[in-house]
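Data block below; observations after.
Not measured: the values here are computed from a predicted model. FYI, side chains are in, hydrogens and waters are out, and symmetry mates aren't considered; it's all heavy atoms of this structure. Residues take their numbers from the sequence shown, with the count starting at 1.
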Amino acid sequence: MMKFILMLFMMMPLGFKNYFWLVQFMWMFVSFAFILVPSFNYMYMYISYVFSMDLISYLMILLSFWICSLMILASQGIYYTNFWSRFFMFVVVCLMLSLLLAFSSMNLFMFYIFFEISLIPTLVLIVGWGYQPERLQAGVYMLFYTVLASLPMMVAIFYYYLINGSLDFPHLSTEISELALYLCMNMVFYVKIPLFILHLWLPKAHVEAPVSGSMILAGVMLKLGGYGLMRMMVIFLSLGLSVNYFFIGLSLVGGVMISLVCLRQSDIKSLIAYSSVAHMGLAVSGILTLNFWGLSGALIMMIAHGLCSSGLFCLANLNYERVHSRSLYLNKGMINIIPSLSLWWFLFTSSNMAAPPSLNLMGEIMLINSLVSYETMTMLTLMMLSFFGAVYSLYLYSFSQHGKIHTGLFTFSMGNFREYLLLLLHWLPLNILILKGELLCLWL
């Protein structure tokens, strides 16, 4: 583990030299090097100091490396305009370092520290390179929602250390049956994932963030919440059997309501952000069922959503760079102007609605199995979630690609190699990984 951490430290000075191409190459090299040290196992491997990996850590770190390398590929505009490009690269490396340390920590308190540290580079990305003046408000929303929910968790961690004697993940053996402690420990993850009612910071942060900020938020930052819940549910097994009913109901009903909210969005980024809340609501309810299908399905759904949602934000940014608006009323008739991008819109929106052969389909099938076996009545909300998921994906595709072209548009680029490579590197793993889906189910 330490060699990858040291590699990231070595990248920091490169960012200040403004070698965008070299850092991009290094990111991709580290990503492929990481693929060669798999940890497809439920046991901890590559243990060094307080860092190590099991299957879930490995997949989350690999997703972080991949999304961060694609962030740089998507942010060439910052390099060409030289808009604080060196500082941007430094922030991205710091963010990746904090995510790597958070996902590979074996100790609960270390995980908490790096979980909090990852907020700072994300905040700098949103406030520094966002598009509208409202980015300050969005950054404050994100910061205060997370910090307010995480302070009780710190107190709960100290209390748990008092009664358990260890905070190492393999040694979390003492079960807790106090509801207050359950809420203190898990509320920050419900905010991060985010759970319905606690989700208001997410659409705001997504809409105001630059493309790199949206990609890392959708691709990796939300997964910190799911990862934390998976680790924490070990100490709430007995209490979870009675309390989790409420949160499963809330996330599923909330997912249906958010899907309806998606249908009346006129902002493309806002629609994609709200769809993230609906998808992660399904993932969190799978985790809370506390069964094998639910945990494996949630892990698959988190990876699939990370790639699919990040790709959709890239597409939204490509349209924004040409039309200079995110409004669906202005981004119309694109199939007449940029037919090549319309193909990518179709591929990503079909993956978003869990069409085969995407990884989303595999995740949804496992989560539906898990939830129906947990409680038969969830079939009603699951039917509506699947249906509305297809409806808002089709709404996004048909509104943006068909219709009359906005008369205020002038000439613009059909796209270049970098943009199509960026979209391909999102779509390919999303649809190829299903061929080796059994490797993603070996955890537990």
Side-chain angles (χ1 to χ4, degrees), residues 1-2 4-5 8 39 42-65 68 94-122 142-143 145-176 181-194 216-217 219-236 280 283-284 287 295 298-299 302-303 306 443-444:
M1 277 312 301
M2 292 308 292
F4 289 104
I5 295 168
L8 286 175
S39 176
Y42 65 93
M43 298 170 72
Y44 285 95
M45 304 170 80
Y46 306 109
I47 298 173
S48 50
Y49 297 99
V50 289
F51 304 110
S52 75
M53 289 188 301
D54 61 353
L55 173 66
I56 178 174
S57 306
Y58 174 73
L59 291 173
M60 291 294 115
I61 295 168
L62 185 56
L63 182 68
S64 306
F65 274 131
C68 279
C94 288
L95 180 56
M96 181 60 240
L97 190 62
S98 63
L99 288 169
L100 171 64
L101 294 170
F103 285 128
S104 61
S105 295
M106 285 182 77
N107 185 281
L108 180 56
F109 189 65
M110 295 296 286
F111 167 69
Y112 171 80
I113 289 170
F114 294 119
F115 176 89
E116 290 300 309
I117 287 173
S118 65
L119 265 179
I120 299 163
T122 317
M142 184 188 76
L143 193 69
Y145 261 84
T146 314
V147 169
L148 190 69
S150 64
L151 288 175
M153 185 193 175
M154 185 169 65
V155 177
I157 288 172
F158 294 152
Y159 177 74
Y160 187 74
Y161 181 67
L162 196 67
I163 59 174
N164 189 53
S166 172
L167 291 176
D168 291 341
F169 285 132
H171 302 140
L172 298 183
S173 54
T174 308
E175 283 196 28
I176 296 175
L181 217 58
Y182 173 93
L183 293 173
C184 286
M185 197 78 96
N186 292 319
M187 198 50 71
V188 65
F189 302 128
Y190 288 137
V191 167
K192 199 72 176 176
I193 205 165
I216 199 69
L217 265 174
V220 186
M221 297 299 282
L222 302 190
K223 313 304 172 281
L224 274 168
Y227 174 84
L229 278 177
M230 284 179 167
R231 294 289 192 212
M232 285 295 95
M233 279 301 137
V234 177
I235 61 176
F236 295 110
M280 295 317 289
V284 73
I287 295 169
L295 287 163
L299 181 58
M302 288 198 296
I303 295 160
W443 189 59
L444 286 181

Y46 side chain to F51 main-chain N or O, any donor-acceptor pair under 3.5 Å?
no
Just so I know, are the side chains of I117 and L101 near enough to count as touching, which here means a heavy-atom distance under 4.5 Å?
no
4.5 Å side-chain heavy-atom contact, L100 and S64
no
Minimum side-chain heavy-atom gap M232-L172 below 4.5 Å:
yes
Taking the side chain as C-beta and beyond, is there a heavy-atom pair between M60 and L299 under 4.5 Å?
yes
Which atom pairs, one a donor and one an acceptor, fall under 3.5 Å between side chains of residues 148-156 and the rest of the protein, sequence neighbours left out?
| residue | atom | partner | partner atom | Å |
| --- | --- | --- | --- | --- |
| S150 | OG | E116 | OE1 | 3.4 |
| S150 | OG | E116 | OE2 | 3.1 |
| S150 | OG | T146 | O | 3.1 |
| S150 | OG | V147 | O | 3.0 |

Closer than 3.5 angstrom, by distance alone: can the side chain of N164 be matched with the main-chain N or O of Y160 as a donor-acceptor pair?
no
Can you check side-chain contact (heavy atoms from CB on, under 4.5 Å) on Y58 and M45, steps first, answer last?
CA-CA 10 Å; Y58 174 73; M45 304 170 80; over 6 Å; no
Evaluation steps, side-chain contact (heavy atoms from CB on, under 4.5 Å), between M233 and N186:
CA-CA 9 Å; M233 279 301 137; N186 292 319; 3.7 Å; yes
Distance in Å, M230 CE paired with I56 CD1, rounded so as to fall on 0.5 Å steps
4.5 Å
Can you find a pair of side-chain heavy atoms, one from L99 and one from M221, that are under 4.5 Å apart?
yes
About how many Å separate NE2 of H171 and CG of N107, when rounded to the nearest 0.5 Å?
11.0 Å
Closest approach of I287 to L295 (non-hydrogen atoms, all atoms of both residues)
CG2-CD2, 4.0 Å
Quick one, Y44 with M106, criterion side-chain contact (heavy atoms from CB on, under 4.5 Å). Give me CA distance, side-chain angles, the key distance, then yes/no.
CA-CA 9 Å; Y44 285 95; M106 285 182 77; 4.1 Å; yes
Minimal heavy-atom distance between L95 and P121, with the atoms involved, is CB-CB, 3.7 Å
Let me know which of F189, F109, Y227 forms a ring pair (Phe, Tyr, Trp, His ring centres under 6.0 Å) with F115.
F189
Do L62 and M53 make a side-chain contact, defined as non-hydrogen atoms from C-beta onward lying under 4.5 Å apart?
no
Measure the OG-CG distance between S173 and D168 for me, rounded to the nearest 0.5 Å.
11.0 Å
To the closest 0.5 Å, what do you measure between CG (L224) and CZ (F114)?
12.5 Å
Can you confirm whether L222 sits close enough to P194 that some side-chain heavy atom of one is under 4.5 Å from a side-chain heavy atom of the other?
yes
Once you round to the nearest 0.5 Å, how far does CD1 of I176 lie from CE of M185?
5.0 Å
Worked check of side-chain contact (heavy atoms from CB on, under 4.5 Å) between Y112 and V188:
CA-CA 10 Å; Y112 171 80; V188 65; over 6 Å; no
Does any part of the side chain of F103, heavy atoms only, come nearer than 4.5 Å to the side chain of V220, both counted from C-beta?
yes
CZ of R231 to OG of S105: how many Å apart, nearest 0.5 Å?
10.0 Å
